[in-house]
S.K.: 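Handing you a structure now.
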Amino acid sequence: MRLTRRALFRQVGAQTAAAIAAPALASAAPSVSPRRGAPIRLCANENPYGPSPGVLALMRELDVNAASRYPDAELDVLRRNIARHHRIDRERVVLGSGSGEILRAIADSFLHSGRLLVQANPGCPAIRTHAIRIGAAVAAVPLRADWSHDLDRMLVRAYSAPALVYICNPNNPTGTLTPRAAIEDFIRSLPPDAHVVIDEAYHEYGRAAADYASFIDRPIDDPRVIVTRSFSKAHGLAGMRVGYAIASPSVASLIASRRIEETITASAAMAASAALADTDRIRAIVQRNVDDRQEFANQANARKLRVIDSQTNFVMLDTQRPADAIVDHFDRNGIALPLAFAPLNEYIRVSLGTPSDMVEFWRIWDLMKSEV
Ligand SMILES: Cc1ncc(COP(=O)(O)O)c(C=O)c1O
């Protein structure tokens with residue numbers, strides 16, 4: 001009897017199924033081609049190479065049953081695979097439609113009235129935007145001159161009201177790291193009623209740095225710590241919308257009580273399980289990103305431009321003039337970039353695309369001599 005891939009997942013789990021579906025890849029070749037006429041997206045820190053061909057093949061061959069049944073089994077398999085991957089209990093894993101949805105659920109769980117979100121500025125807006133919407137106060141503490149979180153000042157703010165602290169490491173939009181030892185000291189000094197979210201959406205890109213260590217891979221056994229991860233970046237599955245949090249069992253069940261797991265589809269859960277197991281692809285993507293980042297720095301150097309040293313798949317480029325006019329120029333020429341991240345109003349954040357995307361980026365940049 002021929003096993004469908006769905007049945008294969010049920011019986012052997014993703015580790016084996018993905019090994020069958022996705023033979024080891026030597027390099028991170030793009031697995032998807034750009035849509036003709038669509039803008040080049042250097043705006044959302046997606047992975048321009050996409051998931052591995054093995055994961056894509058599996059997505060194309062989804063058993064028709066997956067469309068007509070609720071995805072209980074696929075979610076169970078994904079939760080089990082994540083727990084096994086990190087060697088933790090399943091009760092500690094919360095799934096969501098992207099880590100952004102989980103961050104919103106964390107805000108809903110911990111930022112009721114009178115509570116304060118403490119985060120860096122500039123920092124990822126994912127949790128802040130929602131915190132403001134639900135009426136929480138926000139303390140946005142400027143990054144230090146070395147672009148790390150100013151944990152001393154954040155600690156002072158965390159004592160001013162019952163707090164949820166958000167640390168994005170590596171940080172979006174700067175791409176920079178805050179040293180592990182400093183974060184550990186900070187957490188130990190927090191008031192007992194505070195919680196801290198460590199957003200590791202870009203973990204795979206930063207993990208080789210000397211003063212970085214994930215709070216999932218090297219936990220500190222503190223129930224106040226919640227760590228979030230995303231399948232949208234190195235795993236190349238932004239369009240499938242899957243992320244997860246690791247927390248203590250009671251905090252995990254509090255976040256999950258927001259019923260965010262129900263929004264994940266069967267195909268997204270299966271793709272995430274396969275991508276998680278495809279460690280060769282992640283290695284190749286990360287190495288490719290190191291090369292792409294170096295090439296970006298070389299091109300910037302050649303134009304006497306400075307970049308913030310990044311540990312992610314995006315780079316902040318100091319343009320030495322108002323960034324929004326530059327974003328506009330790129331927009332008119334078919335490249336999407338995000339607006340400036342105040343107060344860094346002369347920087348543009350550039351998500352690294354494929355080599356041909358980046359040739360086009362620099363061509364459009366050079367046109368500015370005459371246009372901006
Ligand atoms: C730091 C950070 N956290 C979370 C998210 C949300 O990602 P997703 O919802 O796709 O997992 C993003 C998106 O870019 C991000 O940059």
Side-chain angles (χ1 to χ4, degrees), residues 1-23 25 29-36 38 41 44 46-85 90-91 93-105 201 228-245 252-253 255-282 285:
M1 186 183 77
R2 185 177 169 272
L3 277 179
T4 61
R5 283 171 201 272
R6 178 181 164 85
L8 187 64
F9 261 88
R10 287 238 169 88
Q11 288 187 18
V12 298
Q15 205 79 24
T16 318
I20 295 164
L25 285 170
S31 54
V32 282
S33 0
R35 273 174 293 153
R36 198 175 303 163
R41 285 173 58 86
E46 297 146 349
N47 172 351
Y49 301 101
S52 70
V55 171
L56 280 180
L58 182 132
M59 286 158 67
R60 280 191 204 105
E61 286 178 28
L62 274 180
D63 190 322
V64 69
N65 284 328
S68 60
R69 304 285 177 198
Y70 289 110
D72 310 342
E74 289 79 6
L75 292 178
D76 273 354
V77 168
L78 177 58
R79 191 178 297 102
R80 189 179 71 209
N81 285 330
I82 290 170
R84 193 184 290 152
H85 185 79
R90 268 190 252 182
E91 293 67 38
V93 180
V94 188
L95 305 173
S97 280
S99 59
E101 168 136 29
I102 297 174
L103 291 170
R104 279 193 290 282
T228 55
R229 290 273 184 98
S230 174
F231 282 97
S232 303
K233 310 302 175 183
H235 298 91
L237 291 175
M240 299 302 284
R241 313 303 303 123
V242 193
Y244 60 99
S253 105
I255 302 168
S257 71
R258 305 267 160 196
R259 308 188 79 106
I260 50 178
E261 306 200 340
E262 289 173 8
T263 58
I264 305 174
T265 64
S267 50
M270 290 171 76
S273 269
L276 185 71
D278 199 349
T279 50
D280 286 338
R281 176 70 176 184
I282 298 296
I285 288 291

S.K.: Might you point out which heavy atoms bring A105 and I255 nearest each other, and give the distance in Å?
M.R.: CB-CG2, 3.9 Å
S.K.: Please examine the side chains of M270 and L58, heavy atoms only from C-beta on, and report whether any two atoms are closer than 4.5 Å.
M.R.: yes
S.K.: Distance check, rounded to the nearest 0.5 Å: R90 atom CZ versus R80 atom CZ?
M.R.: 6.5 Å
S.K.: Taking salt bridge (Lys or Arg N to Asp or Glu O under 4.0 Å) as the cut-off, I'd like each qualifying pair that reaches into residues 228-239, sequence neighbours left out, listed once.
M.R.: E200-R229, D217-R229
S.K.: Decide side-chain contact (heavy atoms from CB on, under 4.5 Å) for V242 and L237; before the verdict, give the C-alpha distance in whole Å, the side-chain angles of both, and the deciding distance to 0.1 Å.
M.R.: CA-CA 8 Å; V242 193; L237 291 175; 5.9 Å; no
S.K.: Which residues satisfy the salt bridge (Lys or Arg N to Asp or Glu O under 4.0 Å) test with R241, sequence neighbours excluded?
M.R.: none
S.K.: Taking side-chain hydrogen bond (donor to acceptor under 3.5 Å, both in side chains) as the test, write out the residues that go with R104, two or more places apart.
M.R.: none
S.K.: Are the side chain of N47 and the backbone N or O of H235 linked by a donor-acceptor pair below 3.5 Å?
M.R.: no
S.K.: Do S267 and M59 have side chains that get closer than 4.5 Å, going by heavy atoms?
M.R.: no
S.K.: Below 4.5 Å, heavy atoms only, C-beta onward: do R79 and E261 meet side chain to side chain?
M.R.: yes
S.K.: If you define the side chain from C-beta out and look only at heavy atoms, does anything of V94 sit under 4.5 Å from I260?
M.R.: yes
S.K.: Could you check whether any side-chain heavy atom of R281 comes within less than 4.5 Å of a side-chain heavy atom of Y49, counting everything from C-beta outward?
M.R.: yes
S.K.: Taking all atoms of both residues into account, what is the closest heavy-atom pair of A271 and V55, and its distance?
M.R.: O-CG1, 4.0 Å
S.K.: Would you say F231 and L276 make side-chain contact, with heavy atoms under 4.5 Å?
M.R.: yes
S.K.: Counting distance only, does the side-chain N/O of D278 pair as donor-acceptor with the main-chain N or O of A274 below 3.5 Å?
M.R.: no
S.K.: What residues form a salt bridge (Lys or Arg N to Asp or Glu O under 4.0 Å) with D72, not counting sequence neighbours?
M.R.: none
S.K.: Check for a donor-acceptor pair, side chain of E74 on one end and backbone N or O of A269 on the other, with a separation under 3.5 Å.
M.R.: no
S.K.: Under the salt bridge (Lys or Arg N to Asp or Glu O under 4.0 Å) test, which residues partner R60, sequence neighbours left out?
M.R.: none
S.K.: Taking S97 for the side chain and T263 for the main chain, is one N or O donor matched with an acceptor at less than 3.5 Å?
M.R.: yes
S.K.: Would you please name every residue forming a side-chain hydrogen bond (donor to acceptor under 3.5 Å, both in side chains) with S99, sequence neighbours left out?
M.R.: none
S.K.: Can you tell me how far the CG atom of L78 sits from the CG atom of L95, to the nearest 0.5 Å?
M.R.: 5.0 Å
